[in-house]
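Here the structure is laid out as structure tokens; the discussion comes afterwards.
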Amino acid sequence: MPSEKSHNSAYSAKRMSAGEQYRAAFERLKNNNPERLPKGTPVSQNNVAKEAGSDASALKKSRFPILVAEIQKYVESHAGERPLSARQVRELARRKNRSLKERVEEVVQQRDHLASLLSEADHTILELYDRIDELERRLPTSNLVSIDPRGHKKL
């Protein structure tokens with residue numbers, strides 16, 4: 001009779017309802033013990049359907065609203081725990097590189113602008129020195145000694 005019992009259990013396993021199959025697949029994925037998908041596969045509505053052995057589009061909210069809500073809640077609550085995919089890592093690296101390149105371009109523009117301002121200031125200073133020299137040459141020579149504007153010193 002044991003063979004009949006194992007036959008019945010195999011028969012009953014095959015006769016599980018679609019909802020039970022999806023729920024079992026959901027539990028296997030949550031426990032990281034999938035049968036059809038590779039270990040480490042993240043929990044998602046599509047992956048639960050695939051793990052249950054059906055098409056990814058077969059697990060519909062209209063047909064299994066409670067289970068789909070549980071899956072979505074689980075995915076939302078464990079979103080931070082899931083490691084980033086290779087594509088997500090590449091996208092983050094691209095964004096970081098892009099922002100670094102933009103920052104470098106901005107700093108280069110600032111440097112060039114400040115170098116231009118410094119060059120203009122140097123030129124203005126040299127012009128003023130030349131003007132001072134010219135004005136000092138125009139002054140008449142005098143043998144007068146300038147008086148200290150603060151007054152005379154007391155001894």
Side-chain angles (χ1 to χ4, degrees), residues 1-139 149:
M1 285 286 189
S3 64
E4 183 179 319
K5 196 178 218 183
S6 65
H7 177 69
N8 284 342
S9 65
Y11 179 75
S12 65
K14 289 181 182 178
R15 300 297 293 162
M16 286 174 54
S17 71
E20 292 169 340
Q21 289 176 352
Y22 290 135
R23 180 148 315 272
F26 178 44
E27 293 300 321
R28 288 194 304 270
L29 284 175
K30 284 196 312 188
N31 296 326
N32 196 21
N33 195 19
E35 294 174 355
R36 291 183 172 93
L37 297 174
K39 278 194 174 221
T41 300
V43 176
S44 71
Q45 195 171 327
N46 287 347
N47 287 341
V48 169
K50 289 177 187 176
E51 176 62 21
S54 63
D55 186 58
S57 64
L59 181 54
K60 296 184 185 241
K61 190 173 187 175
S62 61
R63 210 166 150 212
F64 305 99
I66 295 171
L67 179 60
V68 170
E70 287 178 26
I71 293 170
Q72 289 173 347
K73 183 177 178 183
Y74 180 86
V75 169
E76 286 175 16
S77 67
H78 291 81
E81 298 172 10
R82 192 172 28 169
L84 297 176
S85 69
R87 185 188 64 76
Q88 290 170 324
V89 169
R90 284 191 306 270
E91 181 63 28
L92 285 174
R94 267 190 225 114
R95 282 187 199 151
K96 182 179 177 185
N97 285 342
R98 189 175 309 128
S99 68
L100 288 175
K101 287 177 184 176
E102 289 169 357
R103 180 69 181 131
V104 165
E105 288 174 9
E106 181 182 325
V107 169
V108 165
Q109 287 177 352
Q110 287 177 355
R111 180 206 61 200
D112 292 347
H113 177 69
L114 293 173
S116 171
L117 290 176
L118 181 62
S119 176
E120 287 178 26
D122 285 345
H123 183 71
T124 303
I125 290 170
L126 290 175
E127 285 179 347
L128 291 173
Y129 276 134
D130 289 345
R131 181 76 175 136
I132 289 171
D133 284 344
E134 180 186 331
L135 291 174
E136 284 179 343
R137 274 188 258 120
R138 286 187 187 175
L139 283 176

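Rounded to the nearest 0.5 Å, atoms CG (Leu29) and CD (Glu27) are 9.5 Å apart. Note that CG of Leu100 is 6.5 Å distant from NZ of Lys96, once rounded to the nearest 0.5 Å. Rounding to the nearest 0.5 Å gives a distance of 7.5 Å between CZ of Arg98 and CD of Glu102. Atom CG in Leu117 sits 11.0 Å away from atom CG in Asp122 (nearest 0.5 Å).
Closest non-hydrogen pair, Ala25 versus Ala52, comes out as CB-N, 3.6 Å. The nearest pair of heavy atoms linking Glu70 to Phe26 is O-CZ, 4.0 Å. The minimum heavy-atom distance linking Ala58 with Phe64 is given by the pair O-CE1, 4.3 Å. Closest approach of Leu67 and Tyr22 over heavy atoms only: CD2-CB, 3.3 Å. A pairwise comparison of heavy atoms in Ala49 and Leu59 identifies CB-CB, 3.9 Å as the closest pair.
Gln45 places no side-chain N or O within donor-acceptor distance of the main-chain N or O of Val68, the cut-off being under 3.5 Å. With Ser119 contributing its side chain and Ala115 its backbone, the two residues share no donor-acceptor pair below 3.5 Å. Remark: the backbone N or O of Pro34 is not paired with any side-chain donor or acceptor of Arg28 at under 3.5 angstrom. At distances below 3.5 Å, at least one donor-acceptor pair connects side-chain atoms of Glu51 with backbone N or O atoms of Glu35.
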*Go through Glu91 and Arg87 one step at a time and tell me if the salt bridge (Lys or Arg N to Asp or Glu O under 4.0 Å) criterion holds.*
CA-CA 6 Å; Glu91 181 63 28; Arg87 185 188 64 76; 5.6 Å; no
_Evaluate Lys50 against Asn47 for side-chain contact (heavy atoms from CB on, under 4.5 Å), listing each step before the verdict._
CA-CA 5 Å; Lys50 289 177 187 176; Asn47 287 341; 4.1 Å; yes
_Candidate pair Asn46 and Ser44, rule side-chain hydrogen bond (donor to acceptor under 3.5 Å, both in side chains), full reasoning_ = CA-CA 5 Å; Asn46 287 347; Ser44 71; 5.6 Å; no
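Between Asp130 and Glu134, every side-chain heavy-atom pair lies at or beyond the 4.5 Å cut-off.
Look at Glu20 and Arg23 and you find no salt bridge, because none of the NZ, NE, NH1 or NH2 atoms lies under 4.0 Å from a carboxylate O. Using a 4.0 Å cut-off between charged side-chain N and carboxylate O, Arg103 and Glu106 make a salt bridge.
Using a 3.5 Å distance cut-off with no hydrogens or angles, the side chains of Glu127 and His123 do pair a donor with an acceptor.
Heavy atoms from other residues, nucleotides or ligands lying under 6.0 Å from CG of Leu128 number more than 12.
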